[in-house]
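What follows is a set of notes on a single structure, which appears directly below.
Below, all heavy atoms of this structure are taken into account, side chains as well, without hydrogens, waters or symmetry copies. If you're wondering where the values come from, they're calculated on a predicted model, not measured in any experiment.
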Amino acid sequence: MVSLVLSSFTSPHLSTFYKSPLHHNPSLPNFPPLININKNKNLVTRTLSGSLYPNSSKPLLLFPPPSFVAHTSIQDADTETNDSSSNLVGEDSAVFHFQQQKLSSWIYFTAILGVVLFILDVVWIDNSTGFGKPFVDAVSGISQSHEVVMLILILIFAGVHSGLASLRDSGEKLIGERAFRVLFAGVSLPLAVSTIVYFINHRYDGIQLWQVQDVPGIHQLVWLSNFISFFFLYPSTFNLLEVAAVDKPKLHLWETGIMRITRHPQMVGQVMWCLAHTVWIGNSVAVAASFGLIGHHLFGVWNGDRRLGIRYGKDFELVKGRTSVVPFAAILDGRQKLPKHFYKEFIRVPYFIITALTIGAYFAHPLMQAASFRLHW
């Protein structure tokens with residue numbers, strides 16, 4: 001359930017020079033930007049150094065006309081190789097270059113995060129001033145069953161979260177990208193906190209269905225599954241600055257890294273997290289929570305594809321054709337051709353950060369449990 005909070009806080013954009021690795025087709029007109037590349041080889045070196053192909057000697061069109069991008073990214077990419085990364089139409093995920101970061105942006109991010117947490121505490125978490133406890137009490141009054149209350153809390157969160165996501169295009173046109181992101185987070189985050197706290201406080205209140213905690217190897221299996229799940233759960237926008245609206249939020253079409261394994265990593269990660277915790281706890285409350293969360297994310301598969309299809313059209317159809325919802329399915333049936341050095345797409349700062357945070361969250365479980373208990377939700 002802690003994954004809900006982490007998923008509310010979703011690496012910076014690609015270099016402004018690097019949009020998609022389009023190889024030049026000699027049969028097409030030699031646009032002026034290509035001449036500029038040949039005249040300035042240092043620019044080419046700097047541009048390619050942060051991409052997936054640092055040793056590539058093929059020319060890269062840095063600033064083509066928009067119409068050329070639209071057609072080349074789909075139809076005119078280099079067809080001499082079967083490597084699907086040679087004609088990406090989506091974005092390279094989890095790219096992070098320290099030299100491109102602005103100190104002021106991260107200062108703003110820290111300040112915004114502090115303000116958001118303060119407001120969240122006063123308006124929602126603090127029992128003397130916030131609305132969190134009255135909200136949970138109101139939902140708890142619907143039924144004496146912890147399982148039912150758990151499902152209702154998840155349903156409320158899922159309805160608001162997915163509903164606002166579906167309204168994103170029209171909402172951004174109406175009030176702007178940053179304002180809509182503030183609205184989205186401001187409504188979703190308190191509901192996520194309530195759901196998490198209720199689960200932590202009542203996770204052992206249900207009917208015990210099985211007990212396997214003493215079985216040798218179960219703890220290690222559950223821990224490893226939970227650890228791996230966070231590499232999938234890590235929000236697919238890969239950009240904390242967008243989450244805090246320091247950078248203008250965007251709906252990205254990612255195509256590398258974890259997206260090669262599954263097009264919907266958050267769904268896969270949530271399923272892994274739920275199964276691991278349900279096996280470990282083994283009671284009806286855990287089953288109810290897992291049922292609700294997995295159902296929400298399965299809906300997100302359909303809704304996410306629908307939204308990306310509306311936004312990106314043919315480009316999304318290409319990405320969809322060479323990726324899969326089921327992990328590794330597109331790789332096994334040959335639709336996804338992994339680059340030679342595929343592992344390098346994971347040796348990036350955001351993945352190191354999520355590794356540290358996941359390990360830290362494991363050791364912080366006692367602190368989270370104590371804080372949740374003091375709320376008496």
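Listed here is the closest heavy atom pair of V319 and G90: CG2-N, 4.4 Å. When all heavy atoms of S324 and I261 are compared, the closest pair comes out as OG-O, 3.9 Å. The heavy-atom pair separating V149 from S143 by the smallest distance is CG2-O, 3.6 Å. K133 and H376 make their closest contact through NZ-O, 3.2 Å (heavy atoms, listed as atom of the first residue, atom of the second, distance). Between F299 and S162 the shortest heavy-atom distance is CE2-CB, 3.7 Å. For R348 against S93, the heavy-atom pair with the smallest separation is NH1-O, 2.6 Å.
For N201 (side chain) and F373 (main-chain N/O), a donor-acceptor pair under 3.5 Å exists by modelled atom type. One N or O on the side chain of R203 and one on the backbone of I200 form a donor-acceptor pair closer than 3.5 Å. Between the side chain of S194 and the backbone N or O of P190, at least one donor-acceptor pair lies under 3.5 Å. Here the side chain of S229 pairs no donor or acceptor atom with the backbone of M272 at under 3.5 angstrom. Put simply, the side chain of Q270 never gets that close to the backbone of P265: no donor and acceptor are under 3.5 Å apart. With hydrogens and angles ignored, the 3.5 Å screen pairs no side-chain donor or acceptor of W377 with any backbone N or O of S372. R335 places a side-chain N or O within 3.5 Å of a backbone atom of T323 that can act as its donor or acceptor partner. Side chain of Q213 to backbone of W280: a donor-acceptor contact under 3.5 angstrom is found.
Contact of the P339 side chain with the K344 side chain is not registered, since no non-hydrogen atoms from C-beta on lie closer than 4.5 Å. The closest side-chain heavy-atom distance from F96 to Q101 is below 4.5 Å. V268 has its side chain out of reach of I258: every pair of non-hydrogen atoms, C-beta onward, lies at least 4.5 Å apart. Residues K337 and R260 form no side-chain contact, since every pair of their non-hydrogen atoms from C-beta on lies 4.5 Å or further apart. D169 is listed as a side-chain neighbour of R311, based on a closest heavy-atom distance under 4.5 Å. Side-chain atoms of Y198 and L375, non-hydrogen and from C-beta on, never get closer than 4.5 Å to each other.
Ring to ring, H202 and F199 are not that close: their centroids are 6.0 angstrom or more apart. For an aromatic pair to be called close, the ring centres must be under 6.0 Å apart, and F230 with F232 fails this.
With a 6.0 Å radius and a threshold of 12 heavy atoms from other residues, nucleotides or ligands, F227 has its CZ atom above the threshold. Residue Q144 qualifies as open at atom CD: its count of foreign heavy atoms under 6.0 Å is 12 or below. In I359, the CD1 atom is crowded: over 12 heavy atoms of neighbouring residues, nucleotides or ligands sit closer than 6.0 Å. Other residues, nucleotides and ligands contribute more than 12 heavy atoms inside 6.0 Å of the OH atom of Y351. The 12-atom threshold is exceeded at OH of Y204, counting heavy atoms of other residues, nucleotides or ligands nearer than 6.0 Å. Residue-environment remark: CG (D214) stays at or below the threshold of 12 foreign heavy atoms within 6.0 Å.
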Query - Full working for side-chain hydrogen bond (donor to acceptor under 3.5 Å, both in side chains) between S105 and D247 - result: CA-CA 8 Å; S105 295; D247 288 348; 4.8 Å; no
Report task. With side-chain contact (heavy atoms from CB on, under 4.5 Å) as the test, would you mind laying out the steps for T195 and M150 before giving the verdict? Result -> CA-CA 7 Å; T195 307; M150 187 79 257; 3.6 Å; yes
Requested in this report: Check the pair L224 / Q220 against side-chain contact (heavy atoms from CB on, under 4.5 Å), numbers first and verdict last.
Outcome: CA-CA 6 Å; L224 182 61; Q220 291 79 3; over 6 Å; no
Requested in this report: Would you please test T256 and D92 for side-chain hydrogen bond (donor to acceptor under 3.5 Å, both in side chains) and show each step?
Outcome: CA-CA 5 Å; T256 64; D92 189 10; 2.7 Å; yes
Query raised in the report: Hey, mind stepping through E255 and R322 against side-chain contact (heavy atoms from CB on, under 4.5 Å) and telling me if it holds?
Result: CA-CA 10 Å; E255 197 178 354; R322 58 192 179 212; 2.6 Å; yes
Requested in this report: Assess whether side-chain contact (heavy atoms from CB on, under 4.5 Å) is satisfied between V89 and F316, documenting all intermediate values.
Outcome: CA-CA 8 Å; V89 297; F316 171 69; over 6 Å; no
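Hydrophobic clustering (side-chain heavy atoms under 4.5 Å, transitive across Ile, Leu, Val, Met, Phe, Trp, Tyr) groups L209 together with V222. L189 and L240 end up in the same hydrophobic cluster when Ile, Leu, Val, Met, Phe, Trp and Tyr side chains are linked at under 4.5 Å. There is a path of hydrophobic side-chain contacts, each under 4.5 Å, that joins V287 to I218. When the side chains of ILVMFWY residues are joined at heavy-atom separations under 4.5 Å, either directly or via intervening members, M259 and V325 end up in a single hydrophobic cluster. In the hydrophobic cluster analysis, where Ile, Leu, Val, Met, Phe, Trp and Tyr join through side-chain heavy atoms closer than 4.5 angstrom, V182 is grouped apart from V123.
The residues R263 and D305 are annotated as salt-bridged, a charged nitrogen and a carboxylate oxygen being separated by less than 4.0 angstrom.
A perpendicular orientation is assigned to the rings of F346 and F342, their planes being inclined by more than 60° (bins at 30° and 60°). The aromatic rings of H161 and H296 sit perpendicular, their planes meeting at an angle over 60°, well past the 30° parallel limit. Ring-plane geometry between F135 and W124 is classed as tilted, the angle between the planes lying from 30 to 60 degrees on a 0 to 90 degree scale. Taking the six-membered ring for Trp and thresholds of 30 and 60 degrees, W254 and H252 have nearly parallel ring planes, at less than 30 degrees apart.
Expressed to the nearest 0.5 Å, how far CZ of R307 lies from CG of L167 amounts to 10.0 Å. Interatomic distance, CG of L117 versus CD1 of I125, reported as 8.0 Å (0.5 Å rounding). To the nearest 0.5 Å, the span separating CG on N226 from CG on L275 amounts to 11.5 Å. Taking CH2 of W106 as the start and CD1 of I112 as the end, the distance is 11.5 Å to the nearest 0.5 Å. A distance of 13.0 Å separates NZ of K102 from CD1 of I107, quoted to the nearest 0.5 Å. Of the inter-residue distances, the one linking I310 atom CD1 with Y312 atom OH reads 13.0 Å to the nearest 0.5 angstrom.
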